[in-house]
2 protein chains.
Amino acid sequence: MYRSHTCGELNASHIGNEVTLSGWVQKVRNKGFMIWVDLRDRYGLTQLIFDEERSSKELMEQAGSLAREFVIQVKGEVIERVSKNPNIPTGEIEVLVKEFEILNSSKTPPFTIEDETDGGEDLRMKYRYLDIRRNPVKNKLMFRHQVGMKVRNYLSNEGFIEVETPYLIKSTPEGARDFVVPSRMNEGQFYALPQSPQTFKQLLMVGGMDKYFQIVKCFRDEDLRADRQPEFTQIDCEMAFVDQEDILNIFEGLTRHLLKEIKGVEVAEFPRMTYADAMKKYGNDKPDIRFGMEFAELDEHAKNKGFNVFDQQELVVGIAVPGAASFTRKEIDKLIAWVKRPQVGATGLVWAKYNEDGSLKSSVDKFYAEEDLKIWADATGAKPGDLILVMAGEADKTRTQLSALRMHLGNELGLRKADEFAPLWVVDFPLLEWDEDTQRYHAMHHPFTSPKKEDFALLETEPGKVRANAYDLVLNGNEIGGGSIRIHDKETQSQMFKYLGFTPEEAKEQFGFLMDAFQYGAPPHGGIAFGFDRLVAILGGQESIRDFIAFPKNNSGRDVMIDAPAKLDEEQLNELHLRLKL
Amino acid sequence: MYRSHTCGELNASHIGNEVTLSGWVQKVRNKGFMIWVDLRDRYGLTQLIFDEERSSKELMEQAGSLAREFVIQVKGEVIERVSKNPNIPTGEIEVLVKEFEILNSSKTPPFTIEDETDGGEDLRMKYRYLDIRRNPVKNKLMFRHQVGMKVRNYLSNEGFIEVETPYLIKSTPEGARDFVVPSRMNEGQFYALPQSPQTFKQLLMVGGMDKYFQIVKCFRDEDLRADRQPEFTQIDCEMAFVDQEDILNIFEGLTRHLLKEIKGVEVAEFPRMTYADAMKKYGNDKPDIRFGMEFAELDEHAKNKGFNVFDQQELVVGIAVPGAASFTRKEIDKLIAWVKRPQVGATGLVWAKYNEDGSLKSSVDKFYAEEDLKIWADATGAKPGDLILVMAGEADKTRTQLSALRMHLGNELGLRKADEFAPLWVVDFPLLEWDEDTQRYHAMHHPFTSPKKEDFALLETEPGKVRANAYDLVLNGNEIGGGSIRIHDKETQSQMFKYLGFTPEEAKEQFGFLMDAFQYGAPPHGGIAFGFDRLVAILGGQESIRDFIAFPKNNSGRDVMIDAPAKLDEEQLNELHLRLKL
């Protein structure tokens, strides 16, 4: 038996007990006549003490040889500490060591194993096993586990059945790029790794499973943007005999449960916003509504006043930045420079200060009288003390730019509080979006999403205007879930594939199995998928999902620790060539 | 809202209520003046009634058009049934339909959607979504979910943390064949799909996670024997600061918990048996100990008695078959034919009947007197009424053949009872096994398994005799889990790779990251992995694991429903060639 207690367990009630502990040497303080060692494991830290008077000379010498990250086992007596540490649960005691054994030595770690470390990210990734010893990382992995357990237990209690769907499936050209897996038993053929279990969960609904969920790895062979992993985890759900309202209610319930259980936060009924409104008010389909700064369209108040920069633009739109009338010229110039960066790409920014004394002053005073600016203030909801910022240009682009500025200011002004949670349903997404490259419509969500009945007629005439029974759950400016009510009859699904540019043969080849299934009594059904990585990160109060993944890949899709992917050895490569019939 | 209640919910307490139900038409009985419809969903079956007197003519006509597997929604009143069905929870009531809507029609299903179906396995696999509607299949999937939840909650409550390990890892030549995945971002390089998260869970132990588990998909690109899947699910566990005893106790606890919670069976402390004993007593490292028939070695009692068929053999070994003295000559001949089949490969079988009257009679009476046979009876533990069966030949081969016969008789005599559970720990497995093909030793478990300290010296002299700190959990003749205490220091691990025929360069190339990790304070650790598919099947009282998998693959590794694997389209294939630099 390596231990009688963990390093986080002992307190004053154990004084006088003989105990056995095992763990890592966090720190050694050697005063010659006394040696203190902080012993660490997953559960905490316990102070060990060796001293001249009570410990043998041999033991003192052995203790003197200890260094950071050595793994040791000690036996000793729990005694009261002279200088107590009220900051840790074991701070009232220490263990007077009577015997100890070095279970393993350690080279000096390449960075300090402490909450604040001196290791850069690359180094910490290379030695991820050492990084995981640090509380901030260890706690994030444990937090992820807790969220997973709570999700599973909630859904299971609600009658959802976790069903494992296959990882070795068929490649589909739609969507992102598939990772493919050559098959040895079926030469020249390939499996694909799933981008989501979408068609399988629909088949489970056809199969009468009624309520399905799965926490499951999915794969996308795409260029990796920052903080996006080629393998990611999804909470995948589907229900039969439901309409959109049922789905929103159930998963609002799940989200509320998590917020309450994990964050201790009670949230009111989640507001709902149409996609069109979200774009108009926030320039963004996943608005962070923890703070205001809603967009106000100023065209009628700003055009044709002699400021011809605005006159020719499709859209003039502004926001009121609370309390920012006090910004200095320098601060405003910095904002202007910020929006002009290529990442944002705006041409500039017009500002108007609504001073505390009620006066208004702008960068375009030459063209706008104070009463004009007052109208801007009313439109943007600015109050004395606020700063109005205005952008103009092509409508979609300008909204996106102003949205970026709004989020930037939200961060700068501390309005995006980590301990505040503002969920939002965005509904009525467009069914289709035009793709310039391929010169055809693509499914905005996926080809299985049902159009709204009342918009069905528009499919032939104005496909871009057709709304879908599709919804996203947004939390603090992040899309954490998205789903739709699906098509459940063969005719509509065939028609949809036609609109998306599939020939009947292609549709049959790719999705024939699903359309066949629809002929045998498919129930109405719909579902949602949560990005588990993102959900965990947001609940954990962080933006980076990578921190919550034990062995993440870097932006080149490499696991730097195990150095994967790698070349195959000759034998493997030869066999692969055989399989591919090359 | 598609339903106010499910089809399994209504009973006498609901009589008089207006309800809405949705589901599938299981059966229609049309008597002209009355029509009964059994409506089915995941939760049960509810009888609907339409009748001339209480239903409109239009409704009667609509109801008349219904056929099997149509999906309908009905509104009506819960009424008392005239002829009650005590066999189902809803048997006291029926629903008098007032309105209904056909939500989807159905073609006639290719097999009947009933507990006993007329569909053969291939057909049911092709239409798996219809098969899943059948109770036996649906219940197995729900059972699998329940087992998964209980495993997770038990381990989580015991302090285990579920950590997701990567699916896109590095290929290793050791073990079974890897599925490989070409990388697009790293040309000419490949990921491999994990055969198990072995090295990652060891790194988590080095990382101080202390107790890890994961229910996780693993992959083996091997020729598929019956009931073996290329992707399979594992309960993967690892613990730090433990010895073998700790691991056996914890996972005996898990198994006992599952048996109690799921089967209502209380099991005594699991017996333990060394690998050597298991082979000697049962000819098998996963003996089914629900029944006896232990092997008795009869060499000294059977050789040199003039029966020269035995004299030259390495081993003469027998079993006593309880109550089988009454077997007819024909029945015995059938057994002899059974062992002579190429699948078993024995040359024959000697028998001796221990008659109820105490007399003994054998097929070799010419050579053995009754007192000789009495000695055989004593050695095999035969009692009056039993049949003694004896085999002889090369020791290992003969044990395997007799083991097959023993299992066959266990099945034939009904000794392998589905509701009886006999777990067993098999311990002290050999560390290495000799491989004739490669003319070198291979790790019996895997290269990370630690040898027993007391056998360490044998590594140089008699490697085949070295025992490992390795153990299997056997349940009813099936290996459901296996694991070991691992090597946790770089020196031993390097030495092990050397014994296994790795050059230092190969060892570094393949497992350098693990050996590096061992230099930074690796704790003693060990673990176990359960075959989840097998565990679920055995707890479910079945031998076939395929039944408990929603979308299994056939013996050629094909998912017949979605027809995967498949050829890539031209664009995908071109890109793949680019990636592989072909």
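Proteins come first, then strands; the chains are lettered A, B, ... in the order of their sequence lines, and each starts at number 1.
- In this structure, the side chains of Ile562(A) and Ile169(B) come closer than 4.5 Å at one or more pairs of heavy atoms.
- The aromatic rings of Tyr129(B) and Tyr520(A) are tilted relative to each other, their planes meeting at an angle between 30° and 60°.
- A salt bridge does not link Arg184(B) to Asp178(A): none of the charged nitrogens lies less than 4.0 Å from a carboxylate oxygen.
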* Does the pair Gln519(B) and Ser106(A) meet the rule for a side chain to side chain donor-acceptor pair (under 3.5 Å), with working shown? -> CA-CA 5 Å; Gln519(B) 294 182 292; Ser106(A) 175; over 6 Å; no
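- Within the 4.5 Å cutoff, no side-chain heavy atoms of Glu164(A) are placed close to those of Ile549(B).
- The pair Glu162(B)-Arg152(A) meets the salt-bridge criterion, since a charged nitrogen lies less than 4.0 angstrom from a carboxylate oxygen.
- Using a 4.5 Å cut-off between heavy atoms, Asp221(B) contacts chain A through both its backbone and its side chain.
- Under a 3.5 Å cut-off, the side chain of Asn104(B) and the backbone N or O of His488(A) do form a donor-acceptor pair.
- Heavy atoms closer than 4.5 Å to chain B are found in both the backbone and the side chain of Met209(A).
- In this structure, chain B has a heavy atom under 4.5 Å from the side chain of Arg144(A), while its backbone stays farther away.
- Looking at Lys217(A) and Lys217(B), their side chains never come closer than 4.5 Å, going by heavy atoms from C-beta outward.
- With respect to the salt-bridge test (charged N to carboxylate O, under 4.0 angstrom), the residues Lys107(B) and Asp516(A) do not qualify.
- Under the salt bridge (Lys or Arg N to Asp or Glu O under 4.0 Å) rule, Asp210(B) has a single partner from Lys138(A), Arg3(A), Arg133(A), which is Arg3(A).
- Note that the CE atom of Met185(A) and the OG atom of Ser556(B) stand 5.5 Å from one another [nearest 0.5 Å].
- Gln572(B) places a side-chain heavy atom less than 4.5 Å from the side chain of Ser171(A).
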